[in-house]
Amino acid sequence: MNIERLHDIANRMVAPGKGILAADESTGSITKRFESIKLESTETNRRDYREMLFRAADAMRSCVSGVILFDETLRQKAADGTPLVDVIKAAGAVPGIKLDKGPKPLPFCPGETVTEGLDGLADRVAEYAKLGAEFAKWRAVIDVSDTIPSFNAIHANAHALARYAAICQAGGIVPMVEPEVLMDGAHDIDRCAEATEWALKETFQQLYHARVALEGIILKPNMVIAGKKCPRQASRAEVAEKTLKVLKRCVPAAVPGIAFLSGGQSGEDATAHLHLMNAAGPLPWKLTFSYGRALQADALKAWGGKMENVAAGQRAFAHRARMNALAASGRWSQDAEKAA
Ligand code: 13P
């Protein structure tokens, strides 16, 4: 393992005042997003949408350190024939690839899943590295209710994350380790804190057993937040405080950076939470964003699938990217939000 190289890539992924664009929706997920703007999910439409984001040149150059791609996009060419990977690299961002094959039902654990995709993974890593990917992502999904998560779900997912991370590092790419505790339920913020702490503790234990070098990973966790159906929604300050408390208990300082998922938060909430945490520094690791929905929702709406709206879509994307870049250095404010 060339740990210096992995450490260098990881540091570029969490460069100061920048964060990651998660554009790795599977074909099924992007089809659902396109349904919201009544757009057919063809290969060309998916390409046009992603190309619009990657060609928002100023925002990409100043706010985006890396982009996570789905297999199809990593192999796609822009309308003018330039590989999309080259468009991303030209903007100074690191290309990454989603490696997992999604969560599948975990037998005898009703309502729980384990993420699959380990078979043949070393070969896939080698191929993606050749295609230009310098990091990868694997998402484990932990659901919360009164009776779950179970030990089996926490353990199976952490074990798979660790095996994936080791395979990535052996193949020369940085693993982005994503244990996501969902915010879909009716649980309160303290129950989320409990589940998140458990999932992170087990994940780092398994990473240790798998001999993964923490200096060459990026952690992509959820924030500690009440479930969407919980009658008591926590304040932004409480989310920031409880998230930092759990991260400080669980994430060794050797990890170069933590890049949050947005998980269904609104664009502005995701920005405000990140800002409050960075403003409460200094912290042992870089803290930034790796948002999908929170970074793209406004852009998708402004674009609406129409060529004539590309500039409007790029403006909406650039605005959210700038707000999150400010949040990544604790310099976001409501005034900045309005001034745009
Ligand atoms: P969201 O920010 O929409 O949660 O997506 C990030 C991601 O990559 C989930 O795996």
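All ligand and atom numbering here is 1-based and tracks the order in the structure. On a predicted model such as this, the values are computed, not experimentally measured, just so you know.
Residue contact check: Y291 has heavy atoms under 4.0 Å from atoms 2 (O) of ligand 1. The distance from ligand 1 to the heavy atoms of G292 drops below 4.0 Å at these ligand atoms: 1 (P), 2 (O), 3 (O), 5 (O), 6 (C). For ligand 1, the atoms sitting less than 4.0 Å from at least one non-hydrogen atom of E178 are 7 (C), 9 (C), 10 (O), numbered in the order shown with element in parentheses.
Protein heavy atom closest to atom 6 (C) of ligand 1, with residue, atom name and distance, is K220 NZ, 3.4 Å.
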Next on the checklist: The test is side chain to side chain donor-acceptor pair (under 3.5 Å); show your working for Y49 and Q296 and say whether it passes.
Outcome noted: CA-CA 10 Å; Y49 172 61; Q296 295 183 47; 2.7 Å; yes
Next on the checklist: Assess the residue pair S26 and F70 against the criterion (side-chain contact (heavy atoms from CB on, under 4.5 Å)); give the C-alpha distance rounded to whole Å, side-chain angles, the decisive distance to 0.1 Å, and a yes or no.
Outcome noted: CA-CA 6 Å; S26 63; F70 189 58; 3.9 Å; yes
Next on the checklist: Set out, in order, the CA-CA distance, both residues' side-chain angles and the distance that settles side-chain contact (heavy atoms from CB on, under 4.5 Å) for R320 and T271, then state yes or no.
Outcome noted: CA-CA 8 Å; R320 264 311 1 113; T271 303; 2.8 Å; yes
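Remark: ligand 1 and G263 share an N or O pair separated by less than 3.5 Å (distance only, no angle test). For a threshold of 3.5 Å applied to N or O pairs, the pair formed by K137 and ligand 1 contains at least one separation below that value. By the 3.5 Å distance cut-off applied to N or O atoms, L261 is not counted among the residues near ligand 1.
Under 4.0 Å is where a charged nitrogen must lie from a carboxylate oxygen, and between E241 and R236 no such pair does. Residues E134 and R12 are paired through a salt bridge, judged by an N-O separation under 4.0 Å between the basic side chain and the carboxylate.
For K101, the NZ atom sits in a loose shell: 12 or fewer heavy atoms of surrounding residues, nucleotides or ligands are nearer than 6.0 Å. For D80, the CG atom counts as densely surrounded, since its 6.0 Å shell holds more than 12 non-hydrogen atoms of other residues, nucleotides or ligands.
With E25 as the fixed residue, the salt bridge (charged side-chain N to carboxylate O under 4.0 Å, His left out) test singles out one of R50, K32, R293, R46: R50.
Below 30°, between 30° and 60°, or above 60°: for Y291 and F289 the angle between ring planes is between 30° and 60°, a tilted geometry.
Of the heavy atoms in S262, both backbone and side-chain atoms come closer than 4.0 Å to ligand 1. The part of R139 lying near ligand 1 is the side chain, judged by heavy-atom distances below 4.0 Å. Only the backbone of S290 comes within 4.0 Å of ligand 1, counting heavy atoms alone; no side-chain atom from C-beta on gets that close.
Using a non-hydrogen distance threshold of 4.0 Å, Q265 does not register as a contact of ligand 1. Residue A294 places no heavy atom under 4.0 Å from ligand 1. The shell of residues lying under 4.0 angstrom from ligand 1, judged by heavy atoms, excludes G264.
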